[in-house]
Amino acid sequence: MKLLISTLVLALGAGTGTVAQAQNCGSGGGTTVCLVANGTADQVQLSWTVSGAANGLEVYRSTTADPAGRSRIASLTKTATSYADTSASTGTPYWYWVKFSTAAGSYNSGASSATRGGNCTPTAITPYINVSGNWTQTASASVPTGESAILGPQPTAGGMWTWNGCGTAGGAREQTIRPTAACTATATYTNACGAKTLQTFTIGLAGAMRNITSMQMSKEMSPGWNIGNTLDATPTETSWGNPLITQTLLNGIKAAGFKSVRVPVTWGPHADASYNIDPAWMARVTQVVKYARAAGLYVIINVHHDGYDLDNTVYSAQAANNAHLAKLWTQIAANFRDFDDYLLFAGMNEVGKSNAPWGVPKAQEWLDVVNGYNQVFVNTVRASGGNNARRHLVVQGYETNIDISTASAVLPTDTIANRLFFEIHYYDPYDFTLNSSSTMWQWGATATNPTETWADEPYVDAEFQKMKTRFVDQGVPVIMGEYGAYNKPNYPGMPPYRKAWAQYVTRSAWLHGLVPMWWDTGEMIDRNTGAVKTPDEINIIVNATK
């Protein structure tokens with residue numbers, strides 16, 4: 001889950017000669033409260049952070065560091081994070097505590113001291129975190145499981161640091177941590193004249209990323225399944241007749257024998273004119289990804305029906321389209337950057353020149369622009385950091401067409417080796433697989449009255465051999481992200497031929513090193529219960545990859 005940056009820099013005056021306390025944080029009942037006090041000409045300003053849940057807050061004060069003689073000066077709501085003590089006497093040093101209650105009892109922050117009447121100005125802190133050798137100006141980061149990070153706020157000289165949380169200790173400005181769970185570290189900076197500034201660092205623990213190549217991963221993903229016409233539907237998830245995706249459905253897909261799911265996602269209807277994605281939609285996609293992971297499946301998400309701008313594959317529109325694609329993937333990648341490597345990103349879907357007459361040769365311009373989209377996608381995801389620096393990514397050829405891809409696809413350059421898949425789709429022959437108006441209902445060597453034979457078994461093998469030679473044999477695995485053939489109600493004799501097509505195409509793809517992912521819209525697995533509706537057909541697909 002995306003971690004929200006939580007930066008608190010308190011720039012408030014402190015009393016001259018105030019000495020920072022060695023510890024201004026206190027913990028109890030699963031909650032930590034860190035307090036700073038700064039004196040100004042007319043008050044002492046208290047500010048604190050709360051990590052965890054507090055049911056109530058009280059402020060105490062004393063003229064000594066001994067809490068035994070302190071007095072309560074305020075009772076506050078549990079959401080309060082500051083208090084101004086205007087009753088403090090000018091020139092008198094005071095010590096302060098925040099007493100907080102939890103379900104387990106009452107506890108205290110550490111003591112913080114300040115004097116009213118000073119003119120010392122606190123110093124602003126600039127937070128920095130180093131993860132995997134890269135420094136970033138941020139107060140929030142995710143650390144891969146088992147790895148360390150360095151917290152290195154600035155300024156680098158002129159004051160004193162104290163720390164609390166995430167295993168920090170001592171007074172060094174840079175703190176090396178190796179978190180075993182999500183945590184919050186708090187740094188207090190006391191400058192030369194005694195003014196204090198508080199900075200929190202929010203640290204998340206990213207899912208484990210294995211040292212596995214895309215080729216190795218591809219061996220674990222067959223067969224695959226598409227949850228089609230759902231998160232890709234417009235304008236809502238249920239607009240095309242399918243129910244909401246549930247954990248029950250994903251469990252059913254896994255139980256049927258599938259090892260991976262492709263979850264097509266359309267983002268446009270859930271974004272504003274500047275392509276800012278609605279947080280509610282992002283949360284819904286995240287929920288579905290978690291369903292898939294909880295079921296033990298590999299999962300691929302993409303940018304599906306957002307190709308209407310991208311389909312204008314001309315040089316004059318390239319810069320604007322690149323910006324559109326980058327804006328979407330910047331947000332998606334940031335949201336999922338902590339997920340483990342069982343989540344894959346696919347940059348696009350079936351992108352090609354809009355309104356180009358069928359059969360017209362593809363202009364080099366169109367091919368160049370689509371190849372450029374792939375580079376934008378890879379660059380954007382890698383730049384998002386976290387686990388995305390090593391995530392396995394899926395790029396597409398023009399229209400995901402085998403023959404065009406073989407001839408024209410240019411793989412993007414990447415900052416890490418062996419983390420790219422290539423994607424194609426397969427629906428040949430169209431009159432048999434998809435064209436519901438066609439009279440073609442027989443296919444293959446067993447057809448008794450074939451109307452077309454150009455895409456029979458030898459053609460299937462030849463097409464997949466092209467992908468094996470061009471990509472698989474070169475170390476780039478291929479996802480057959482969509483394929484399928486669908487029965488025509490007017491031809492009751494079609495099911496045996498459809499099964500023959502499914503068996504042969506699935507088997508040939510798998511034998512040639514491709515990962516076959518059947519396109520389903522609810523026909524073969526019940527979207528409400530996850531139960532298999534057509535066991536003979538499901539078994540054909542699953543057994544073809546054994």
Side-chain angles (χ1 to χ4, degrees), residues 3-15 18-28 31-40 43-52 54 57 59-61 65 74 76 78-85 94-100 107-116 118 120-129 137-141 151-175 177 183-203:
L3 291 168
L4 299 177
I5 294 178
S6 175
T7 305
L8 178 60
V9 178
L10 303 174
L12 302 165
T18 299
V19 179
Q21 305 305 303
Q23 175 62 273
N24 64 347
C25 296
S27 300
T31 299
T32 298
V33 175
C34 296
L35 170 68
V36 293
N38 286 305
T40 68
Q43 64 187 22
V44 174
Q45 179 67 51
L46 307 177
S47 298
W48 58 87
T49 61
V50 179
S51 176
L57 301 170
V59 178
Y60 283 80
R61 184 182 74 184
L76 306 173
K78 64 182 180 181
T79 59
T81 57
S82 64
Y83 176 76
D85 180 11
Y94 291 94
W95 279 258
Y96 294 87
W97 296 260
V98 173
K99 184 178 180 180
F100 58 97
Y107 308 91
N108 294 290
S109 71
S112 186
S113 180
T115 303
R116 176 178 175 175
C120 181
T121 302
T123 303
I125 292 177
T126 304
Y128 285 91
I129 303 178
Q137 184 178 327
T138 182
S140 175
L151 311 181
Q154 295 184 7
T156 59
M160 182 175 66
W161 295 91
T162 57
W163 288 87
N164 177 265
C166 290
T168 55
R173 179 183 66 87
E174 290 190 358
Q175 296 282 315
I177 61 173
C183 59
T184 299
T186 301
T188 302
Y189 179 72
T190 306
N191 65 17
C193 64
K196 307 177 189 68
T197 312
L198 195 70
Q199 175 70 52
T200 58
F201 291 87
T202 303
I203 305 300

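Here, residue 1 is the first one in the sequence, and each next residue gets the next number.
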Report task. Give the minimum heavy-atom separation between K78 and A54, together with the two atoms involved. Result -> CB-O, 3.1 Å
Query raised in the report: Would you say the side chain of Y189 lies within less than 4.5 Å of the side chain of Q199, judging by non-hydrogen atoms?
Result: no
Query raised in the report: Under 4.5 Å between any side-chain heavy atoms of F100 and V50, yes or no?
Result: no
**Report entry** Short side-chain to backbone donor-acceptor contact, T81 and W48, under 3.5 Å
**Finding:** no
Query raised in the report: Nearest 0.5 Å, what's the CG-CG distance between N24 and N164?
Result: 8.0 Å
Query raised in the report: Within the distance-only criterion (no hydrogens, no angle test), does the side chain of Q43 pair as donor or acceptor with the backbone N or O of T40 below 3.5 angstrom?
Result: no
Query raised in the report: Say you draw a straight line from NZ of K99 to CG of L57; how long is it, rounded to the nearest 0.5 Å?
Result: 12.0 Å
Requested in this report: For A84 and Q45, work out which heavy atoms get closest and say how close.
Outcome: CB-OE1, 3.7 Å
Report summary line: Here the pair of heavy atoms bringing F201 nearest to P127 is CE2-CB, 3.6 Å
**Report entry** Rounded distance [0.5 Å steps], CG in L35 versus OG in S82
**Finding:** 11.0 Å
Report summary line: Sorted by chain and number, sequence neighbours left out, salt bridge (charged side-chain N to carboxylate O under 4.0 Å, His left out) with R173 holds for none
Requested in this report: Please report the shortest heavy-atom distance between T32 and C25, naming the atom on each side.
Outcome: CG2-CB, 4.3 Å
Report summary line: To the nearest 0.5 Å, atom CG of N38 lies from atom OG1 of T115 at 11.0 Å
Query raised in the report: Any side-chain heavy atom of T123 within less than 4.5 Å of one from P155?
Result: yes
Query raised in the report: What closest approach, in Å, do A172 and W163 show between heavy atoms, and which atom pair accounts for it?
Result: O-NE1, 2.9 Å
Query raised in the report: With distance as the sole test, does N191 use its side chain to make a donor-acceptor pair with the main-chain N or O of T121 at under 3.5 Å?
Result: yes
Query raised in the report: D85: what forms a side-chain contact (heavy atoms from CB on, under 4.5 Å) with it, not counting sequence neighbours?
Result: V44, R61, I73, Y83, S87, A88, Y96
Report task. Could you pull out the closest heavy-atom pair between W97 and S109, with the gap in Å? Result -> CD1-O, 3.6 Å
Query raised in the report: Has the side chain of T197 got a donor or acceptor atom that lies under 3.5 Å from a matching backbone atom of P122?
Result: no
**Report entry** Test side chain to side chain contact (heavy atoms under 4.5 Å, CB included) applied to T186 and V36, T49, T168, V33, the passing residue
**Finding:** T49
Report summary line: Between the CG atom in L198 and the SG atom in C34, the distance rounded to the nearest 0.5 Å is 6.5 Å
Query raised in the report: Hey, are the side chains of P153 and W161 touching, using non-hydrogen atoms and a 4.5 Å cut-off?
Result: yes
Query raised in the report: For V59 and L46, what are the C-alpha separation, side-chain angles and deciding distance, and is it a side chain to side chain contact (heavy atoms under 4.5 Å, CB included)?
Result: CA-CA 9 Å; V59 178; L46 307 177; 3.5 Å; yes
